[in-house]
Amino acid sequence: MNRKKSLIPFFGVIVLFYLAANFAHPVTPTLIVERGLDSSMFGVALAAMMTVNFLFSPFWGKLCGYIPTKRIMLIGSIGYAVGQAIFGAATSEVMVVGGRMFAGIFTGGVFTSVSNYVVNTSGDSVTRGQNLTTLVTIQTVASAVGYFIGGMLGVISVEAAFIAQVVILAACGVIFL
């Protein structure tokens, strides 16, 4: 029971993280059009990020056995914020793909360490299952709401969505610690 209460603030930070992680998605097509880049860049950039995320996740998973997962969440969140700043400032296709690949390295760290943290702080298998279900539910709902917020920020400007994303991702990293 006490461990479950200790996860409530953690889940609150997870909500903020997944909200912010999705602020840029609705404005990415506009960013690509405004920069005069090829329309295929939307798919190429996402594929680059997801591929690197996939490739680096085992590295981060192994690292979770050697350093505290909260530190990996900090590193991952800050790295993701930097990658998104590069992406948001991109003026060329190489910079778009590079920024997204950089972000992908660190998203793998956050996703892996968050799951690892939940598993390690949950006592028995029933509680572990409940906490993992809560985590996945938060990821799904907060991501959807993050898309909405990102779209609303995009009405102000594309830059507003990226600035909010970078600031909140970096703040989440510090709060995780």
Side-chain angles (χ1 to χ4, degrees), residues 1-28 46 49-50 52-85 87-88 99-100 102-154 160-177:
M1 186 74 158
N2 192 17
R3 286 181 176 241
K4 183 173 182 172
K5 286 189 177 187
S6 70
L7 282 179
I8 291 172
F10 173 76
F11 285 141
V13 180
I14 292 296
V15 168
L16 283 175
F17 178 85
Y18 280 100
L19 285 170
N22 289 282
F23 287 173
H25 293 306
V27 299
T28 298
L46 184 60
M49 181 178 171
M50 292 308 196
V52 174
N53 178 341
F54 170 76
L55 293 173
F56 275 82
S57 288
F59 163 76
W60 291 109
K62 189 75 167 169
L63 203 56
C64 284
Y66 296 102
I67 64 173
T69 53
K70 288 182 177 183
R71 190 171 303 153
I72 296 171
M73 288 180 234
L74 167 68
I75 294 165
S77 296
I78 299 292
Y80 186 20
V82 170
Q84 288 303 101
F87 176 45
R100 292 300 269 174
F102 189 85
I105 292 169
F106 293 98
T107 57
V110 177
F111 300 157
T112 303
S113 61
V114 162
S115 299
N116 195 295
Y117 181 81
V118 169
V119 168
N120 290 339
T121 57
S122 301
D124 58 85
S125 61
V126 172
T127 305
R128 189 176 309 119
Q130 291 170 343
N131 289 340
L132 287 170
T133 301
T134 301
L135 176 65
V136 171
T137 302
I138 287 170
Q139 289 172 341
T140 304
V141 174
S143 293
V145 175
Y147 265 83
F148 173 74
I149 294 170
M152 301 306 337
L153 289 168
F162 278 96
I163 290 168
Q165 181 181 47
V166 168
V167 168
I168 294 172
L169 289 174
C172 285
V174 173
I175 297 168
F176 279 135
L177 198 56

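What you see is a predicted model; the values in this text were computed from it and never measured.
Side chain of S115 to main chain of T112: no donor-acceptor pair is present (N/O by atom type, distance under 3.5 Å, no hydrogens or angles). For the pair T107 (side chain) and G104 (backbone), a donor-acceptor distance under 3.5 Å is present. In this structure a side-chain-to-backbone donor-acceptor pair under 3.5 Å is missing from W60 to N53.
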Legend entry - side chain to side chain contact (heavy atoms under 4.5 Å, CB included) between T127 and D124, worked out: CA-CA 5 Å; T127 305; D124 58 85; 3.1 Å; yes
Legend entry - Candidate pair F176 and I14, rule side chain to side chain contact (heavy atoms under 4.5 Å, CB included), full reasoning: CA-CA 9 Å; F176 279 135; I14 292 296; 3.7 Å; yes
Inset, instruction - Show your working on side chain to side chain donor-acceptor pair (under 3.5 Å) between N131 and S122 and close with a plain yes or no. - result: CA-CA 7 Å; N131 289 340; S122 301; 2.7 Å; yes
Inset, instruction - Evaluate the side chain to side chain contact (heavy atoms under 4.5 Å, CB included) criterion for residues V141 and Y18: first the C-alpha distance (whole Å), next the side-chain angles of each, then the deciding distance (0.1 Å), finally the verdict. - result: CA-CA 9 Å; V141 174; Y18 280 100; over 6 Å; no
Inset, instruction - Carefully, step by step, assess F11 and V118 under the rule side chain to side chain contact (heavy atoms under 4.5 Å, CB included). - result: CA-CA 10 Å; F11 285 141; V118 169; 4.2 Å; yes
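Within a 6.0 Å sphere centred on CZ of R71, heavy atoms belonging to other residues, nucleotides or ligands number 12 at most.
Residues L63 and F56 are not in side-chain contact: their nearest non-hydrogen atoms beyond the backbone lie 4.5 Å or more apart. Contact of the L7 side chain with the Y117 side chain is registered, since non-hydrogen atoms from C-beta on lie closer than 4.5 Å. You'll find the side chain of L19 reaches within 4.5 Å of the side chain of V15, heavy atoms only.
Counting all heavy atoms, side chain and backbone alike, G154 lies closest to V27 at CA-CG1, 3.5 Å. Closest approach of C64 and S113 over heavy atoms only: SG-CA, 3.8 Å. Counting all heavy atoms, side chain and backbone alike, A21 lies closest to Q165 at O-NE2, 3.2 Å. Across all their heavy atoms, R100 and L46 have their closest contact at NH2-CD1, 3.7 Å. The two residues A170 and A81 make their nearest non-hydrogen contact at N-CB, 4.0 Å. G108 and S57 get closest at one heavy-atom pair: CA-OG, 3.6 Å.
The distance from the OG1 atom of T134 to the CD1 atom of I8 is 10.0 Å, given to the nearest 0.5 Å. Atom CG of N120 sits about 8.5 Å away from atom CZ of R128, to the nearest 0.5 Å. Between M73 atom CE and N116 atom CG the span is 8.0 Å, to the nearest 0.5 Å. For the atom pair S125 OG and L132 CG, the distance stands at 11.0 Å (nearest 0.5 Å). Atom CD1 in I138 sits 13.0 Å away from atom CZ in F17 (nearest 0.5 Å).
With I175 as the partner, the side chain to side chain contact (heavy atoms under 4.5 Å, CB included) test is satisfied by one option alone out of V13, L74, I168: V13. With M49 as the fixed residue, the side chain to side chain contact (heavy atoms under 4.5 Å, CB included) test singles out one of F102, F54, Y80: Y80.
The aromatic rings of F162 and F87 lie perpendicular to each other, with more than 60° between the two planes, well past the 30° mark.
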